[in-house]
Amino acid sequence: MPPDLWTLYALMLKSRLFEEAVAKLWHDGLISGEMHLGTGEEAIIAGVVANLREGDAMALDHRGTAALLMRGVDPVLVARELLGYPDGLCGGMGGHMHLFSKEYLAASSGIVGAEGPAAAGFALAAQYLRPGSVAIAFFGDGAMNQGMLMESMNLASVWNLPVFFVCKDDGWAITTKSVEVTGGGLNERAQGLGVATVEVDGRDVSAVWEAAHIAIERARSGQGPTFLHAHCVHFEGHLLGFPMVRIADHPLREMPGIAIPLTLSILRPGGAPLRDRLAGLRTVVASVLSTMRDPRRDSANDPVARVRATLESVPVRLHELEDQSQKEIDHVFASALMEVPS
Amino acid sequence: MPPDLWTLYALMLKSRLFEEAVAKLWHDGLISGEMHLGTGEEAIIAGVVANLREGDAMALDHRGTAALLMRGVDPVLVARELLGYPDGLCGGMGGHMHLFSKEYLAASSGIVGAEGPAAAGFALAAQYLRPGSVAIAFFGDGAMNQGMLMESMNLASVWNLPVFFVCKDDGWAITTKSVEVTGGGLNERAQGLGVATVEVDGRDVSAVWEAAHIAIERARSGQGPTFLHAHCVHFEGHLLGFPMVRIADHPLREMPGIAIPLTLSILRPGGAPLRDRLAGLRTVVASVLSTMRDPRRDSANDPVARVRATLESVPVRLHELEDQSQKEIDHVFASALMEVPS
Amino acid sequence: MRSMLFTQAIDDALAQAMADNPRIILFGEDIPLLRRNLLVRFGPGRVRGTPISESAFLGAGVAAAMAGLRPVVEMYMVDFLGVCADALLNHASKIEAFSGGKWTAPVVVRVPCGGGYGDGGQHEQSLWGWLAHIPGLTVLVPSTPADGGGLMLAALQHDGPVIFLEHKLLSETWLEFLGSGARSTVQYDVPADGAKGPVPQNWEPVPIGKAFLRRAGGDVTIVSVGVGVHRALEAAQALETEGISVGVLDLRTVSPLDNAAVREVVALTGRLLVVDEDYEGFGLSGELSAVVLEAGISCKYARVCTQTTIPYARQLEDQTLPSKLRICAGVRQLMQ
Amino acid sequence: MRSMLFTQAIDDALAQAMADNPRIILFGEDIPLLRRNLLVRFGPGRVRGTPISESAFLGAGVAAAMAGLRPVVEMYMVDFLGVCADALLNHASKIEAFSGGKWTAPVVVRVPCGGGYGDGGQHEQSLWGWLAHIPGLTVLVPSTPADGGGLMLAALQHDGPVIFLEHKLLSETWLEFLGSGARSTVQYDVPADGAKGPVPQNWEPVPIGKAFLRRAGGDVTIVSVGVGVHRALEAAQALETEGISVGVLDLRTVSPLDNAAVREVVALTGRLLVVDEDYEGFGLSGELSAVVLEAGISCKYARVCTQTTIPYARQLEDQTLPSKLRICAGVRQLMQ
Ligand SMILES: Cc1ncc(C[n+]2csc(CCOP(=O)(O)OP(=O)(O)O)c2C)c(N)n1
Ligand SMILES: Cc1ncc(C[n+]2csc(CCOP(=O)(O)OP(=O)(O)O)c2C)c(N)n1
Ligand SMILES: [Mg+2]
Ligand SMILES: [Mg+2]
């Protein structure tokens, strides 16, 4: 059965609207610490999660909210968890990097690469207790250099585990360009660990759905793990308040605080010859510029907008869906912000 | 310059004779704990080490003795270290899995895979302090599944470090056949981490020398790391007193202690159906049989014997060399066993 | 009553539990051979070998436990937990807290520990205090076959992660594999009552968190675990001839500590000697002094622990690990 | 005298050392951006970014130090040492012993630690006690800009592995990056004297292993490190009004402990309160009680530490980390 774009769009929209509301709460100071959104990767999450069924498990990274919402976890519980309320999804104990749902067999971790072992373990349990079920590992391109993730791919291969390894490649690990710290190629690497691979445009939810469908069916029928390499962008950069994005958005406001110490430092006696200093400066400037020119700043890469464009031919249904989604999210946050029970 | 087989044979012979003497001391109870010999892998070690020069470094695994001897470390110091004497190479503090020579920049570790990070670090220091120098990592096929080793290959690739990763593949990790726990292929894996690869018959010291020569020159000239996949056998199995080898050598003596509890267990009520029990038994029996039929039991795989055969055409020189080697080793152990200074 | 060897008893209790509970599975490096007696009874589906990928398979054990299995994950040695500590530090131990108490990871990590057979400093560590520092981990250290089996059974019934430490000097199989290699030319100082002893006909769980008074004594209380218990008992016996009455409390569980039992025995004698094969600083020995002081009990205190990296040379090793000699000296010091 | 922010001071001392010693290099994830001021002064050769491969690059730092460099390896957070603990547990800490004292690994591991900004239990741990358990590691925890710079300089001159822990609540850059994200809508309880303070014109090493008495007091002695020192000072001030005189000893170095200083101050008051943001069990708080008892000093003892996984919710977090409130209660309890 081909993907129903309306369903997929509804999933993506739900997550997008939810995360936009979260961003507001974060800016208002109601959410503490780091906050990594999944805005920009919704097509990957939706394309995969829409293929799941009861008994399937998910190992999530530091951007786990989208997957949980799309999987069906109560959004009010998630919102109240992010707010740190005692009746949140995890009683306020986990927070946004440690969202857990036993009911949906979904576990998050803030440790980069830990999704690998977790998905392998979920898949192992599936082999015994829920044959035909699968486990998903969602992680980024940066995680591909974490040993335990590579180990887990090998383990899934030799134990023939029903794991679908989903790499959401946005090209970045915080401020580091992945190409600069990653040798070989991700697909070759997965193959060298015995895992079948497939590559898709992660902005295209249909393409992801198709690839995921095949890989997940393969896993369900005992044919072992697959690695999906899917490309995407993250609109907010690494986390809310990301300095590089702040600079790009407000260069005049943000630059002095960075440029002044930089200039003082480059001028200080003692240290490298000028040539090396300039090379250092070039690195810094290149980073800032690459954020400014980054495709993650380009709304043409927005997976939600892309699928929406194909649905615009049915405007009434589209607006109805969107109104409905917005209402639901408004309702979620109205409930979520209700007084804390004591 | 092509390899001088006499020199290589002398290196290998020195190591072989030394380790045979060590085995005797171990059997006599003068060496405690685990004792992993390198007998069977001498061609790999010699072919690589003969390419090293001052300033080069080595990260060694649990079979480090051969490399240290061939590199020029005083064999008396090594022997006295294995005996646990206070004037041994490491004052009796390290022992056979933790042999260190600062002078030769050689460090061992008993942690499988730790040679990867160590060689990367040595190579990093070489980039700054000893340009043109290289670092070798010696490890086994089992180590290829240890995350930190894979991580290190990637690091060496992206930092363009002068590392030569040498995998001494005997097909086994203790009692586990590596093919059964290793997905993909080792060369593909290294390539997926951005490292160039070469494969040789590790029983053939000339072939190893050639491959090592090219790879090491590449590294010296700033062209980055290479992975060598070299096949070999270990005559003693994993360590001295290895149960599988004991069974193979003395089946009548060793089998009852294994077979009786096994039979009692297979007959006990409660547990798996007969089919699964038999599958379990097949696994155990297959392991034992594969040790018995193992190529590591076949002297045709002896790298020392192989190079010797090609030198037999000059018998006088050969016997002179062998007599000389034996005398030297006898002398080493005579000194090594001299009274402990107090 | 039956009599069993230390590891034999643990395996026997494990077999009993596996027969009762099909969700118990076993994996680790070389496990098909090392646990071949379980393999032929429970089949290759439940007894698996792994690659040398501790982070992957320990982490997988944690998640498999969350998803309904009861995995027993074996590691070659506690020293090697260094390569995969994340699975314990940031996952197994924290799932229950993170999920607001809704989800647990009942995984048993069975791992050999301890020295005394000349294997050097990367292969003879104890590290129970290091592990016990992490809230959310249960750490068990049996010192006899009966406790070995009983605590294994308790671990398999516990609703959270358990580290089950199996001292290599007590284990007939590990000591042969790593120490003697079937040689008759080497001797290790193996505590007889730890290596072999009576075990029940049918295994019952030994409660987690309950210490056991191995010997009563009015002058000095020694608190210890594992092989240290036996060294302490030897010392106590020797000191009897000097007219010093020494009690020995076997903690059996390092975390959670049996605070009540510790306080009770120390209050009695007013003298506490901790014998701990793990490193001295920032570990069990310090924690025990805190437990006593917190209760407002004042006592004389000394400790006999491992202070440095464990040397390879047998003689140096003997001086470094807690020995009867050092324990006797510690007791005498407290009696001054 | 100049005044500096906490991380600014550390970076400044580091810059001074780098200018003096070309063997000092810096690497870690995102280091080119995070230490951009050092990058533009010392060039990309000495300030490098890494992949997210902590085991590889920390292990490489250890070996590079053995081979003649003086690497400063940065990790994102101490919590993440779980994935690469082997490099510290089995390598950095043991090289000197293994080599019979002939070889050392003078690597500095600079790593943010601590909580108080709502980042949850996998990102706010302290773990200094966990690290200090391992013989052979030096563990530094500065609590002011002056100590931050001075201890960094000392670390860079020390001939062995040093873990340099930089508390995120004191660090202007970490707190902005991870906590506020430049928002003005959030407030954290940042100790002013820890976040900013006077620093010398030219950096001199602050000696490793020397505690510093931040406040003298005759009734109760609080021993602490890092942010805990400031919480203790606040409490001491509050308790003054109740007529209780509280002294505060800032350890500055967790390993090796300044045993003499601890004993001296505790002997004076006879009352020891340990304030430790690290986990309570099997760590620093226990070790301090042992240090005191071992010297035959009897004292009343209590501790205010982190007992569980640190909760995400700010309110729960405040109740879990040592607070002025809990410290005051602890002191009053000791005064009863
Ligand atoms: C083991 C570990 N190392 C470092 C970090 C800090 N960290 C958090 S997210 C991140 C970048 C991850 O990059 P990627 O996997 O590509 O995911 P993305 O953020 O781009 O979605 C890093 C380095 C961590 N959380 N865990
Ligand atoms: C991290 C770690 N895990 C497990 C071990 C136990 N161990 C020691 S050697 C070995 C097998 C290594 O196999 P391989 O790398 O092929 O080397 P070989 O012994 O065959 O030369 C194992 C599992 C260890 N020392 N370190
Ligand atoms: Mg990324
Ligand atoms: Mg091998």
Inset, instruction - Decide yes or no for D:Pro51 and B:Leu155: does some side-chain heavy atom of the first lie under 4.5 Å from some side-chain heavy atom of the second? - result: yes

* **Crowding at CZ, D:Arg23 (>12 non-hydrogen neighbours, <6.0 Å)** => no

Under a 4.5 Å heavy-atom criterion, the part of residues 121-139 of chain B in contact with chain D comprises B:Gly121, B:Phe122, B:Leu124, B:Ala125, B:Gln127, B:Tyr128, B:Leu129, B:Arg130

Assert top hit (heavy-atom pairs under 4.5 Å, partner chain B, pool D:Ala63, D:Gly101, D:Ala87) equals D:Ala63

Okay, B:Ala57 and chain D: the region with an atom under 4.5 Å from a heavy atom over there is neither

Problem - Short side-chain to backbone donor-acceptor contact, B:Lys102 and D:Thr104, under 3.5 Å - result: no

Honestly, the part of D:Ile25 sitting under 4.5 Å from a heavy atom of chain B is side chain

_Does D:Lys102, at its NZ atom, have more than 12 non-hydrogen atoms belonging to other residues, nucleotides or ligands within less than 6.0 Å?_
yes

Distance col, row D:Asn90:CG vs B:His98:NE2, nearest 0.5 angstrom, shows 8.0 Å

CE of B:Met148 to SG of D:Cys84, rounded to nearest 0.5 Å, is 10.0 Å

The reported gap from CH2 in D:Trp103 to OG in B:Ser101 (rounded to nearest 0.5 angstrom) is 7.0 Å

Residues B:Met93 and D:Ala97: closest non-hydrogen pair is CB-O, 3.0 Å

_For the aromatic rings, using the six-membered ring if either is Trp, is the centroid distance between D:Phe27 and B:Trp159 under 6.0 Å?_
yes

Most contact-rich option vs chain B, by heavy-atom pairs under 4.5 angstrom, among D:Gly68, D:Gly61, D:Gly45, is D:Gly45

Honestly, the part of B:Ser108 sitting under 4.5 Å from a heavy atom of chain D is neither

Ranking B:Asn154, B:Ile111, B:Leu149 by heavy-atom pairs under 4.5 Å to chain D gives rank one to B:Ile111

Indicate the ring-plane relationship of D:Phe98 and B:Phe100, choosing parallel, tilted or perpendicular according to the 30° and 60° boundaries. parallel

Of the listed D:Ala60, D:Ala65, D:Gly100, the one with the largest count of heavy-atom pairs under 4.5 Å with chain B is D:Ala60

Answer yes or no: is there a side-chain heavy-atom contact under 4.5 Å between D:His91 and B:Ser109? yes

